[in-house]
Amino acid sequence: RCPEEAGQLPIDDLYFNVVLDAWARDLSKGADQVMSRLSKPRALLIDLIEGKYNAMPDNSSFNHVIRACYAPWASKKNNADDVDRMNAWETAFEIYSRMAERRYGACRPDAHTYTHMFKAISCLWPKVTAKSSDEKLAVCRSIFRSCCQDGQLSKTSFWVLSTLIESSELMSLLSDELEGYNIMTKDLHRNPDRLYTQLPAEWSKKGRNVKSLNRHKQ
């Protein structure tokens, strides 16, 4: 109701981000009626994008909605069928894609965005089958490539990625991005934090500056 009452009042994106963050936190409390509840932050973000309110979304606006998508399943105590999970994933990917299109002012995927996307895959991808495993790897590869191209790789995002796929798949993914140059040893591929330090510096030129995403220790 608060956003509706705002109308054309001279308020900024901080106001809306507080609302979006609150909805994401509420969604973390459980998966009951998740798609109905998730529709609210998504709708508000779309309204902001389309200029309904006297404010424009920033990176935090997009990131809060992506976080809201996987928040109900961040705890292993919460369960739901694969249909709800995939619907939530499709919403997360839709929001990410809107950022990746780079048509909305200065809003582009940042280090937090990529971390949230890998966490969304971790929480929302359906039970593994040969087909779903291949699809998951393809999605991980695409998002990882964009992350590296944008220089937004962080220690946390790389660690989450390493938990999503098999070590052999991670090695193959890195080898492709490094154009066949092999930096991996038996020890390194088992220690994502150490491996992260050996990756090209340009992959993390922006992501390494986000302190909250670079504190992870194996």
Side-chain angles (χ1 to χ4, degrees), residues 1-9 11-101 103-105 107-110 112-129 131-133 135-136 138-140 142-143 156-157 160 163-164:
R1 184 179 176 183
C2 290
E4 295 173 357
E5 293 177 345
Q8 296 300 314
L9 293 176
I11 54 179
D12 59 20
D13 51 13
L14 178 61
Y15 169 88
F16 291 98
N17 286 343
V18 169
V19 175
L20 291 170
D21 177 56
W23 272 331
R25 291 176 184 273
D26 179 67
L27 277 158
S28 70
K29 297 177 181 178
D32 295 337
Q33 299 180 324
V34 63
M35 294 313 300
S36 175
R37 293 158 63 204
L38 183 56
S39 67
K40 295 179 180 179
R42 178 194 175 277
L44 176 55
L45 179 61
I46 299 302
D47 285 345
L48 286 168
I49 291 171
E50 295 177 350
K52 182 175 180 179
Y53 301 109
N54 190 27
M56 288 296 294
D58 62 8
N59 280 52
S60 293
S61 310
F62 287 85
N63 290 339
H64 285 318
V65 178
I66 294 173
R67 176 166 61 90
C69 292
Y70 69 82
W73 297 284
S75 170
K76 293 182 180 179
K77 296 179 181 179
N78 296 330
N79 295 304
D81 61 33
D82 284 348
V83 173
D84 277 347
R85 288 178 185 264
M86 284 308 295
N87 286 337
W89 163 251
E90 289 174 1
T91 299
F93 193 78
E94 173 203 7
I95 300 306
Y96 164 74
S97 297
R98 284 178 177 269
M99 292 186 79
E101 288 172 0
R103 292 187 301 169
Y104 301 104
C107 294
R108 297 182 180 184
D110 59 18
H112 290 284
T113 309
Y114 288 112
T115 300
H116 286 314
M117 287 303 295
F118 289 133
K119 288 183 177 179
I121 297 172
S122 176
C123 293
L124 301 176
W125 207 261
K127 296 177 181 178
V128 175
T129 63
K131 180 180 179 180
S132 69
S133 181
E135 291 174 347
K136 181 173 74 171
V139 171
C140 287
S142 174
I143 294 174
T156 297
S157 61
V160 176
T163 68
L164 291 174

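This chain uses plain numbering: 1 for the first residue, then up along the sequence.
- His116 and Tyr70 have tilted rings, their planes meeting at an angle from 30° to 60° on a 0 to 90° scale.
- Heavy-atom minimum distance, Met86 versus Leu124: SD-O, 4.2 Å.
- Rounding to the nearest 0.5 Å gives a distance of 6.0 Å between CG of Leu164 and CD1 of Ile121.
- In this structure, CZ on Phe118 lies 6.0 Å from OG on Ser157, to the nearest 0.5 angstrom.
- Across all non-hydrogen atoms, the minimal contact from Ala71 to Ala24 is CB-O, 3.7 Å.
- Two residues are said to be in side-chain contact when any heavy atoms from C-beta on lie closer than 4.5 Å; Arg85 and Trp125 fail this criterion.
- Taking each heavy atom of Ala68 and Pro41 in turn, the nearest pair found is CB-CG, 4.4 Å.
- Exactly one of Asp13, Asn17, Asp110 qualifies for a side chain to side chain donor-acceptor pair (under 3.5 Å) with Asn59. That residue is Asp110.
- Using a 4.5 Å cut-off on side-chain heavy atoms (C-beta onward), Asn63 and Met99 make contact.
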(message) side-chain contact (heavy atoms from CB on, under 4.5 Å) for Met117 and Phe93? Distances and angles first, verdict last.
(response) CA-CA 8 Å; Met117 287 303 295; Phe93 193 78; 4.0 Å; yes
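- When all heavy atoms of Ala120 and Ala92 are compared, the pair lying nearest together is CB-CB, 4.4 Å.
- You'll find the side chain of Ile49 reaches within 4.5 Å of the side chain of Phe62, heavy atoms only.
- Not counting sequence neighbours, the partners of Glu94 by the salt bridge (charged side-chain N to carboxylate O under 4.0 Å, His left out) test are Arg42, Arg98.
- To the nearest 0.5 Å, atoms OH (Tyr96) and OG1 (Thr113) are separated by 8.5 Å.
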(request) Any chance you could lay out the side-chain contact (heavy atoms from CB on, under 4.5 Å) test for Lys119 and Ile66, step after step, and finish with the verdict? (result) CA-CA 10 Å; Lys119 288 183 177 179; Ile66 294 173; over 6 Å; no
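- A distance of 11.5 Å separates CG of Leu44 from OG of Ser39, quoted to the nearest 0.5 Å.
- When side chains are defined from C-beta on, Trp89 counts as touching Val139, because their heavy atoms get closer than 4.5 Å.
- Looking at heavy atoms from C-beta onward, Leu45 lies out of side-chain contact with Phe16 at the 4.5 angstrom threshold.
- Between Asp84 and Trp73, the closest side-chain pair of non-hydrogen atoms falls below 4.5 Å.
- Although no hydrogens or angles enter the test, the distance criterion places a donor-acceptor pair under 3.5 Å between the side chain of Ser61 and the main chain of Asp58.
- Residues Arg67 and Leu20 fail the side-chain proximity criterion, which asks for heavy atoms closer than 4.5 Å.
- Although no hydrogens or angles enter the test, the distance criterion places no donor-acceptor pair under 3.5 Å between the side chain of Asp26 and the main chain of Ala22.
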